[in-house]
Amino acid sequence: MNGTSPLRLGVNIDHVATIRNARGGDHPQPVRAATMAAEAGADGITAHLREDRRHIRDDDLLELMKTLSIPLNLEMAATDEMLDIALRHKPHAACIVPEKREERTTEGGLDAAGQHNRLKDFVGQLRDANIRVSLFIEPDPRQIEAAIHLGAPVVEFHTGHYAHASGAEREKELRRISDAAALAAKNGIEPHAGHGLTFDNVIPIAAIPQLVELNIGHFLIGEAIFGGLTGSIQQMRALMNEAR
């Protein structure tokens, strides 16, 4: 530990639901995975309720809200349907993400700057309901400025470009994320990060002192096949702690 504050780990359990939905029925249960994640050291649970319900379903959200003893972060598109759902269930947090039907997973950050007028009322209603609002954005000063104007208390930086790069390009992306985290924190916004993080690439991201939380899902669920969910979460937790 280098003296910086502890880093929170949010575990995304979407792809437990993906496996369940591949055959139908109720197994494996996302809520069971969420409970195990909490017991293994996760600080929060993330679940993305998509418009097409391709993984997490409405009844999963009900079960998570009823069962969890740690915060639930609901990832959601900026649609009227999702706003109604969030206001009805009132999760601890709501992370607004871009969403396209044809994508396999969320690719790239939300254009908060380009959608400012559309997002302003959306963010305001969530905040008025005491839901912590987060914007999933690229590590870009223009997007951070938009988050400031929108009144979002949290941003989550898309780390996919970093995760898929190598060599000098990865170092460049790491600097972008580090600079963005510093800029966000300087302006009173809590910076988080996530997407594509693994055992092999998480330490440089976790070492960025301003980052408060990492959200990791697909990799941890994949690793659970080989070493169990508890083991994969505990190993990620240990690497994050090592970086701090």
Side-chain angles (χ1 to χ4, degrees), residues 1 4-21 26-50 53 55-76 85-86 88-95 97 105-106 126 129-134 136 153-154 156 159 190-199 202-203 205-206 211-244:
M1 305 274 294
T4 56
S5 59
L7 184 59
R8 297 198 302 258
L9 172 61
V11 174
N12 187 314
I13 46 87
D14 289 350
H15 295 296
V16 175
T18 302
I19 297 169
R20 174 198 62 195
N21 297 351
D26 297 323
H27 181 79
Q29 296 175 329
V31 70
R32 182 182 177 192
T35 301
M36 290 181 66
E39 292 171 351
D43 299 291
I45 297 297
T46 293
H48 185 175
L49 185 66
R50 280 182 172 265
R53 309 306 199 263
H55 32 61
I56 294 296
R57 303 187 303 227
D58 297 71
D59 56 341
D60 295 323
L61 180 56
L62 284 169
E63 284 298 309
L64 290 166
M65 289 293 300
K66 183 171 67 175
T67 305
L68 283 178
S69 58
I70 58 176
L72 174 65
N73 175 37
L74 175 63
E75 287 189 343
M76 55 188 283
I85 289 170
R88 186 163 66 250
H89 293 292
K90 295 188 178 179
H92 170 76
C95 183
V97 302
T105 185
T106 301
L126 291 170
N130 293 318
I131 299 170
R132 188 190 68 172
V133 183
S134 174
F136 185 73
V154 180
E156 180 176 341
T159 54
E190 183 174 293
H192 300 178
H195 197 89
L197 297 177
T198 70
F199 294 153
V202 73
I203 285 182
I205 294 292
L211 288 178
V212 173
E213 180 174 305
L214 300 184
N215 283 296
I216 306 173
H218 183 268
F219 176 78
L220 292 175
I221 303 306
E223 279 298 300
I225 296 171
F226 306 106
L229 184 59
T230 296
S232 68
I233 290 171
Q234 289 177 340
Q235 186 171 345
M236 185 63 77
R237 174 81 272 171
L239 289 168
M240 290 166 57
N241 290 345
E242 178 185 333
R244 291 296 172 105

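We're numbering straight along the sequence, starting at 1. Quick caveat, the model's predicted, so the values are computed rather than measured.
Partner Pro28 forms a side-chain contact (heavy atoms from CB on, under 4.5 Å) with one of Val16, Leu229, Ile13 and no other, that one being Val16. Checking Leu211, Leu214, Ile205 one by one against Met240, the side-chain contact (heavy atoms from CB on, under 4.5 Å) holds for a single residue, Leu214.
Note that CG of Asp14 is 7.5 Å distant from NE2 of His48, once rounded to the nearest 0.5 Å. Going from atom CD of Glu190 over to atom CD of Glu156 covers 11.0 Å, rounded to the nearest 0.5 Å. With rounding to the nearest 0.5 Å, the separation of CZ in Arg50 from CD1 in Ile56 is 11.5 Å. With values rounded to the nearest 0.5 angstrom, Gln29 atom CD is found 9.5 Å from Asp60 atom CG. Interatomic distance, CG of Leu72 versus NZ of Lys66, reported as 14.5 Å (0.5 Å rounding). Distance CG/Asn73 to CD/Glu213: 6.5 Å, rounded to 0.5 Å.
Asn241 places none of its side-chain heavy atoms less than 4.5 Å from the side chain of Pro6. When side chains are defined from C-beta on, Thr230 does not count as touching Glu39, because their heavy atoms never get closer than 4.5 Å.
By the 30° and 60° cut-offs, the orientation of the rings of Phe219 relative to Phe199 is perpendicular.
Remark: His218 NE2 is loosely packed, at most 12 non-hydrogen atoms of other residues, nucleotides or ligands lying under 6.0 Å away. With a 6.0 Å radius and a threshold of 12 heavy atoms from other residues, nucleotides or ligands, Arg32 has its CZ atom at or below the threshold.
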- Just do the side-chain contact (heavy atoms from CB on, under 4.5 Å) check on Met76 and Ile85 with the steps written out, would you? CA-CA 10 Å; Met76 55 188 283; Ile85 289 170; over 6 Å; no
- Query: Step by step, would you call Val212 with Arg8 a side-chain contact (heavy atoms from CB on, under 4.5 Å)?
  - Reply: CA-CA 6 Å; Val212 173; Arg8 297 198 302 258; 3.4 Å; yes
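Taking each heavy atom of Arg20 and Pro30 in turn, the nearest pair found is NH1-CD, 3.4 Å. In plain terms, the two heavy atoms of Thr198 and Met236 that are nearest each other are C-CE, 3.7 Å. Contact between Asn21 and Arg53 at its shortest, heavy atoms only, is ND2-O, 4.1 Å. Between Phe136 and Cys95 the shortest heavy-atom distance is CB-SG, 3.9 Å. Pro91 approaches Ala86 most closely through the heavy-atom pair CD-O, 3.5 Å. When all heavy atoms of Ser232 and Glu223 are compared, the pair lying nearest together is CB-CB, 3.8 Å.
When atom types are taken as modelled, the side chain of Thr46 and the backbone of Val11 share no donor-acceptor pair closer than 3.5 angstrom.
Salt bridge Asp58/Arg88: absent, no basic N to carboxylate O contact under 4.0 Å.
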